[in-house]
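Working notes, structure below.
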Number of protein chains: 2
Amino acid sequence: MEVTSRAKKPSRSATIVEVATAANVSIGTVSRYINGLSVRKPEQIRAAIEELGYFRNALAGSIRSRATKTVGILVPNFDEFHARILAGTANHLRQAGYSALTVTYADTANSLSEAVDFLVGHRVDGLIVGNLSAENKSLAKVFQTGMPMAFYNTHPDGWSVDRVEVENCDVTTRAMEHLIDIGHTHIGIVTGTIGQRPHDERLRGYRNAHINAGLPIDPALQQPGNGTRREGYEAANRLMSASPQPTAIFSSNYQMTIGVLQLLRERNIRIPDDISLISFDDVDLFALLDPGITVIAQPLADIAKEVTRVMLERLSAQQMVPPVSVRLDCNIVLRGSTRPPKKAD
Amino acid sequence: MEVTSRAKKPSRSATIVEVATAANVSIGTVSRYINGLSVRKPEQIRAAIEELGYFRNALAGSIRSRATKTVGILVPNFDEFHARILAGTANHLRQAGYSALTVTYADTANSLSEAVDFLVGHRVDGLIVGNLSAENKSLAKVFQTGMPMAFYNTHPDGWSVDRVEVENCDVTTRAMEHLIDIGHTHIGIVTGTIGQRPHDERLRGYRNAHINAGLPIDPALQQPGNGTRREGYEAANRLMSASPQPTAIFSSNYQMTIGVLQLLRERNIRIPDDISLISFDDVDLFALLDPGITVIAQPLADIAKEVTRVMLERLSAQQMVPPVSVRLDCNIVLRGSTRPPKKAD
DNA sequence: TTGTACGCGTTATCAT
DNA sequence: ATGATAACGCGTACAA
């Protein structure tokens, strides 16, 4: 195919009326052709569509039909975590005849409301929301209109809504017990933002392990990282300046773990010789490092599958059904980043 | 705010007519209020909107106004490379009053046409396309309608269209000359898919360096990786089975480099002691590995900025202007993954 | 199977 | 600044 020059800019693209005229049929017939129903002279219509460069106007169609066959997806960003979930949801939605309208809400201030307005303005049939625990006026407004909504990973407190979440607490406890079993007694934690449910649960899991083992909980070994790489770096810096130094670190999400890794490398602290490390979340990076990082892996494909399933069931539900809550288990993936501490203290 | 139960599902959300009635004004006045123009009794209208839970229907508005203030973005996937560009474009578009409609085209077969139809069906005002070099009937059809389009990284052959691309060839030559300067004479290359312009250019840059230095070009040292991790792994496997073995490898994109790293690690081939490595593309991983990987880094933020600028200028252009072509330079980031070969042969 | 006419929610226009 | 009304492009119901 050769496309070497641009056609002169048409003020508007062809409409179904023009196609009907060109094909010598009525618009109803063209509409049926477009929607795959049988018509008498399909070839004429096809040729007219081809000739005019016609594209169906989905906007106009949706006004009348009141359904866009589109699900809005609201994610903080396109990082590796959400990217993988998005790939899954988009796929599952498509198989059910839906498209995904994906918008990020964390790039600038108050863009969450903008994002919500955009999606609702485009009359998505439902809304999938990732990693959002904070209240938002716009979102609450939408929720109250009865818009089908499904959250994954966390949801605003007190909202009775469809959700898919992972078990954070117990799995963290088990990971910490692994460290304790091999002799660690000073385990530092880089926490996410306190007040966000998943991070609260991970911290609780960390504490429970200490309580179960009769170990003291040292506040100096709990450093806030707020979920970002930069703050993960600084939290690790504080941890490694504490006295006594921790012999192991648990980092509550992968962004912060990257910060931790940066600091450890700068300080020339070797894993696992000088320190053991466990991270929540599994990303490619952690498997490729030498040694690989032992992680608590969230089942991303399952989260995507379940949240899509829940949404589709909500969309097809004829009557009101109570919100469903799905809880998935994480896996501990042992790699080489943990080892007994160098010397007992 | 408390949101503990769902309102009964309304069959449809409030319309501008209902708002107008409730506020005792005409729909024209409500429309003006919504669009930020001055009205006499804004508070009444605000209250009515609040009360009725009204959300403007962007679909209906766009039918009449013929503008959606929306730009479609077409990317193969949400990998780290595109994720960073998307963050930039979305931001720049928003600042200009546009929203981004992002769709991936590589998740399943023939989904490119579906994606194009979706975006055009939603009447995006323009289209930004990433990493697409193949022809596509649907896309060509759109192009010929005069839809503003801007490509980044590559574009279909023969299309005279706005584009932002990086300089692949010379920078690769310079990177190879770095290897040659420190004594390498057997440099392997893992190529991307031949026929895709950026990868053709990178291969040419590799060859030019050899020609300039008077080194032979050994076909056995050029292994196709087709851009994927799996094939990068296998290409590296073939390279390390060649005789004589290369003392350095250049990998043409980051996905393939990850495959290369996996193979080297499995075979216990150490970087840079046993082999030197340079990769095209810079991702987090490469800076965190020990040693860090020397890379040719594409200016992602600039690509995003430029492609958005080009698109916005095209959108605001009153008359036909010839397509613009922006070419950006890459940077060579030296880390620790290169070193003179162990022994001269 | 086909054609016609109306409805969808908004914006644009124009007279006030 | 406001109100009334005609588009906008498509789906759908109904009559043919």
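On a predicted model such as this, the values are computed, not experimentally measured, just so you know. So you know, we letter chains A, B, ... as the sequences are listed, proteins then strands, and number each from 1.
- Remark: B:S26 is not in phosphate contact with D:dA4, judged by side-chain N or O atoms under 4.0 Å from OP1 or OP2.
- Between B:L37 atom CG and C:dA12 atom P the separation is 10 Å, expressed in whole Å.
- Summarising the local packing, CD of A:E313 is surrounded by more than 12 heavy atoms from other residues, nucleotides or ligands at distances under 6.0 Å.
- Straight-line distance from the CZ atom of A:R40 to the P atom of C:dG3: 9 Å, rounded to whole Å.
- Atom OH in B:Y33 sits about 16 Å away from atom P in D:dG3, given to the nearest Å.
- Protein atom CD1 of B:I45 is 13 Å distant from nucleotide atom P of D:dA1, rounded to whole Å.
- Counting only distance, with no hydrogens or angles, the side chain of A:R314 and the backbone of A:V321 share a donor-acceptor pair below 3.5 Å.
- Taking the centre of each ring, B:F118 and B:H122 come in below the 6.0 Å mark.
- A:R32 places no side-chain N or O within donor-acceptor distance of the main-chain N or O of A:V30, the cut-off being under 3.5 Å.
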Heavy-atom protein contacts under 4.0 Å, nucleotides 11-16 of chain D, coded B base, S sugar-phosphate only, - none: BB----

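- Going from atom CZ of A:R66 over to atom C1' of C:dG9 covers 9 Å, rounded to whole Å.
- Judged purely by distance below 3.5 Å, without hydrogens or angles, the side chains of B:S26 and B:T29 pair a donor atom with an acceptor atom.
- When rounded to the nearest whole Å, the span between CD of B:Q44 and P of D:dG3 equals 10 Å.
- Contact of the B:D117 side chain with the B:V142 side chain is not registered, since no non-hydrogen atoms from C-beta on lie closer than 4.5 Å.
- In this structure, the CD atom of B:E18 is 14 Å from the C1' atom of C:dT10, given to the nearest Å.
- If B:S38 and B:R123 are placed on DNA chain D by their nearest nucleotide, the residue sitting closer to the 5' end is B:S38.
- Side chain to side chain, A:T68 and A:R123 fail the donor-acceptor criterion of an N or O pair below 3.5 Å.
- When the nucleotides C:dT10, D:dC8, D:dT2 are ranked by their closest atom to the side chain of B:T29, D:dT2 comes out on top.
- Rounded to whole Å, the distance from CG on B:L59 to P on D:dC8 is 18 Å.
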